[in-house]
There are 2 protein chains.
Amino acid sequence: MKNKYNGIYQELANRIKDGMYQPLEKLPSEHELVEEFEVSRETIRKALNLLAQNGYIQKVRGKGSVVLEVGKFNFPISGLVSFKELANKLGKESSTKVHELSIIHPDRYLMNQLKANEQSEIWKVVRVRKIDNDRIILDKDYFLKKFVPSLTKDICEDSIYEYLEKELNIKISFAKKEFFVEQATEEDKELLDLQMYDSVVVVKNYVYLNDASLFQYTESRHRPDKFRFVDFARRQT
Amino acid sequence: MKNKYNGIYQELANRIKDGMYQPLEKLPSEHELVEEFEVSRETIRKALNLLAQNGYIQKVRGKGSVVLEVGKFNFPISGLVSFKELANKLGKESSTKVHELSIIHPDRYLMNQLKANEQSEIWKVVRVRKIDNDRIILDKDYFLKKFVPSLTKDICEDSIYEYLEKELNIKISFAKKEFFVEQATEEDKELLDLQMYDSVVVVKNYVYLNDASLFQYTESRHRPDKFRFVDFARRQT
DNA sequence: TAGTGGTCTAGACCACTTA
DNA sequence: AAGTGGTCTAGACCACTAC
């Protein structure tokens, strides 16, 4: 752990997960934590703020930091979790089939979404995700080629994110997601096991790099009964 | 504005919204902001962190803080925005009809959701939200009565949140939301103008107070074509 | 009154980017 | 080398909660 406050955050989070600090009880006071970890109070406070942001504790002025129930706030699909991470977390049988992997030039819609121009080269990756033997999710990914020179079917079947982060050392920094429900298209019906459903949940995802440049646009189409999103929101002060 | 850093955050956010700082350009450096606002650097940094959290800027080490164009998108349904705030923001014709307002004792499902027992008294509020003359949203709210002694039809038709915050001075602090798609029930079909749709988007909302006690459980049922959720997620360091 | 968290300061050193 | 943001410190004062 590079940073002190990050290390302290991890340590305290583990203690909560391990039950050393029980839900509805209080954490040691900031002053006590200062003594235990031998750092300044602002450093402890950074760690506590991380815990609060991630739903581990609630700070109450004049009282202390109350531990929240953990399981409840450990969201299955919040933030920027990849399909692989998610499937692992849920312990589900899952697989990925690459349906298309090609380099295209953008049409007007894509130019707009990716802020590219007609000459831009773009990776198009279409993947079908199986969970428990049903084809549940249709993922269409578009990357700007200038960021990702090469891409193979094997990589796409594994985890593109792992490849980008570990091999290419591309740093993903933030994303904007948008959800809505849409009528299923012919393509959806063909590539997914939609059963009696005639609509899909569409998640549009815009992924940005560390320097704030738009890097990827993804459209993810889910069978409605298998879609679920959890959000933890803190009211602005 | 009570806090310095909050005031500075508001001021900088306004400058971005007003276009004084343009997207993809950089904010003044932290040092320059220290001089302008005559505060310490940590205070400036708190303001900048708020801007980053809310999608206004992206901080880049060694370079500066880049203004994002995403910031302008003031997400329609992110965080804890009430129906009234939302309708106002979108400038839509909207109204609320109270369908039921009563005090009940919880069944097993509600006892579980609200962590209440059989003796608890609970406000049940059922409201139908019209947008552009269609009944689009069915809201079922459950409050623990011990927190909200009195509640009238008028209040429910206006904004319950405004009443709670301004009149009762109840401080809402954080919430967990959960979304999924469900088959429409008979009640949905009766109370909403579902047209040809036979499913609804369900949003379950658990609202907590400052002291981390669960205060309200809400189930919000939307006609699928009128539902949309936007999320801004920052990757953990 | 004592203890808690919330804000704020004036420095310091570091890692990274740009020139 | 100069400028940027990232981390960290050792204090200070305040507002709120509990007793």
Side-chain angles (χ1 to χ4, degrees), chain A residues 1-12 21 24-53 56-68 169-171 173-174 209-213 234-237, chain B residues 1-12 21 24-53 56-68 169-171 173-174 209-213 234-237:
Chain A
M1 227 35 73
K2 239 182 13 206
N3 309 333
K4 289 190 185 178
Y5 73 85
N6 222 307
I8 294 170
Y9 160 68
Q10 295 292 347
E11 169 64 21
L12 294 176
Y21 302 135
L24 302 187
E25 285 180 2
K26 285 205 281 280
L27 240 52
S29 74
E30 295 182 351
H31 178 65
E32 288 168 316
L33 291 172
V34 162
E35 298 208 324
E36 180 186 343
F37 290 101
E38 296 178 310
V39 295
S40 74
R41 195 172 149 226
E42 286 287 4
T43 301
I44 290 294
R45 286 178 55 72
K46 279 185 189 168
L48 293 183
N49 282 336
L50 272 182
L51 288 171
Q53 265 173 42
Y56 285 101
I57 62 170
Q58 172 70 7
K59 300 164 106 188
V60 188
R61 198 219 227 45
K63 283 188 175 170
S65 296
V66 181
V67 178
L68 300 178
N169 205 28
I170 286 177
K171 294 274 175 54
S173 139
F174 61 95
L209 300 181
N210 254 355
D211 63 353
S213 59
R234 226 161 245 290
R235 189 119 189 171
Q236 307 280 12
T237 314
Chain B
M1 227 35 73
K2 237 182 16 205
N3 309 333
K4 289 190 185 177
Y5 73 84
N6 221 306
I8 294 170
Y9 161 67
Q10 296 292 347
E11 169 64 20
L12 294 176
Y21 302 134
L24 302 187
E25 286 180 2
K26 285 206 280 281
L27 240 52
S29 75
E30 296 182 351
H31 178 65
E32 288 169 318
L33 291 171
V34 162
E35 298 208 325
E36 179 185 344
F37 290 101
E38 296 178 310
V39 294
S40 74
R41 196 174 146 223
E42 286 287 4
T43 300
I44 290 294
R45 285 178 55 73
K46 280 184 188 166
L48 293 183
N49 281 337
L50 273 182
L51 288 172
Q53 266 173 41
Y56 285 102
I57 62 169
Q58 171 72 6
K59 298 164 104 187
V60 188
R61 200 218 228 42
K63 283 185 171 173
S65 297
V66 181
V67 177
L68 300 179
N169 205 27
I170 285 177
K171 294 274 174 56
S173 142
F174 61 96
L209 300 181
N210 255 356
D211 64 354
S213 60
R234 219 162 254 288
R235 189 119 193 172
Q236 307 280 13
T237 316

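Model, not experiment: these values are computed from the prediction.
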> When every nucleotide of nucleotides 13-19 of chain C is labelled 5' to 3' by its protein contacts under 4.0 Å (heavy atoms), B for base, S for sugar-phosphate only, - for none, what sequence of letters results?
Replying inline: ---BSS-
> Considering only D:dC8, C:dT9, D:dT9, which nucleotide approaches the side chain of A:Val39 most closely?
Replying inline: D:dT9
> Do A:Leu51 and A:Leu27 come close enough that some side-chain heavy atom pair is under 4.5 Å?
Replying inline: yes
>> Measuring from atom CG of B:Leu48 to atom CG of B:Leu12, what distance do you get when rounded to the nearest 0.5 angstrom?
In response: 6.5 Å
> What is the distance from NE2 of B:His31 to C1' of D:dA2, rounded to the nearest Å?
Replying inline: 12 Å
> Of all residues at least two apart in sequence or in a different chain, which pass the salt bridge (Lys or Arg N to Asp or Glu O under 4.0 Å) check with B:Glu36?
Replying inline: B:Arg15
> Between B:Asn49 (CG) and D:dG5 (C1'), how many Å, whole number?
Replying inline: 11 Å
> Counting side-chain heavy atoms from C-beta on, which of D:dC8, C:dG5, D:dG5 comes nearest to A:Glu30?
Replying inline: C:dG5
> Once you round to the nearest 0.5 Å, how far does NZ of B:Lys46 lie from CG of B:Asn6?
Replying inline: 11.0 Å
> Any idea which of D:dC8, C:dG6, C:dT9 is nearest the A:Lys59 side chain?
Replying inline: C:dG6
> Using a cut-off of less than 4.0 Å, is there contact between a side-chain N or O of B:Thr43 and OP1 or OP2 of C:dT9?
Replying inline: yes
>> Enumerate the salt bridge (charged side-chain N to carboxylate O under 4.0 Å, His left out) contacts for residues 56-68 of chain B, please, sequence neighbours excluded, ordered by first and then second residue.
In response: none
> In whole Å, what is the span from the CD atom of B:Glu38 to the C1' atom of C:dT9?
Replying inline: 14 Å
> Atom CG of B:Leu33 to atom C1' of D:dG5: distance rounded to whole Å?
Replying inline: 12 Å
> Taking the side chain of B:Ser40 as heavy atoms from C-beta outward, which of C:dT9, D:dT7, D:dA10 is closest to it?
Replying inline: C:dT9
>> Looking at A:Tyr5, I'd like to know whether one of its side-chain N or O atoms comes within less than 4.0 Å of OP1 or OP2 on D:dT7.
In response: yes
> Separation of B:Glu35 atom CD from D:dG3 atom P, in whole Å?
Replying inline: 12 Å
> Nearest to the side chain of A:Lys4 - D:dG6, C:dG5, D:dT9?
Replying inline: D:dT9
> Whole-Å distance between C:dG11 P and B:Ile44 CD1?
Replying inline: 17 Å
> CD of A:Glu32 versus C1' of C:dA2: gap in Å, rounded?
Replying inline: 14 Å
> Taking for each residue the nucleotide of DNA chain D with the nearest heavy atom, is it B:Glu42 or B:Ser29 whose nucleotide lies nearer the 5' end?
Replying inline: B:Ser29
> Between D:dG6 atom P and B:Ile57 atom CD1, what is the distance in whole Å?
Replying inline: 9 Å
>> Are the side chains of B:Glu42 and A:Glu42 in contact, using a 4.5 Å heavy-atom criterion?
In response: no
> Only one of A:Glu11, A:Lys4, A:Glu32 clears side chain to side chain contact (heavy atoms under 4.5 Å, CB included) with A:Phe37; which?
Replying inline: A:Glu11
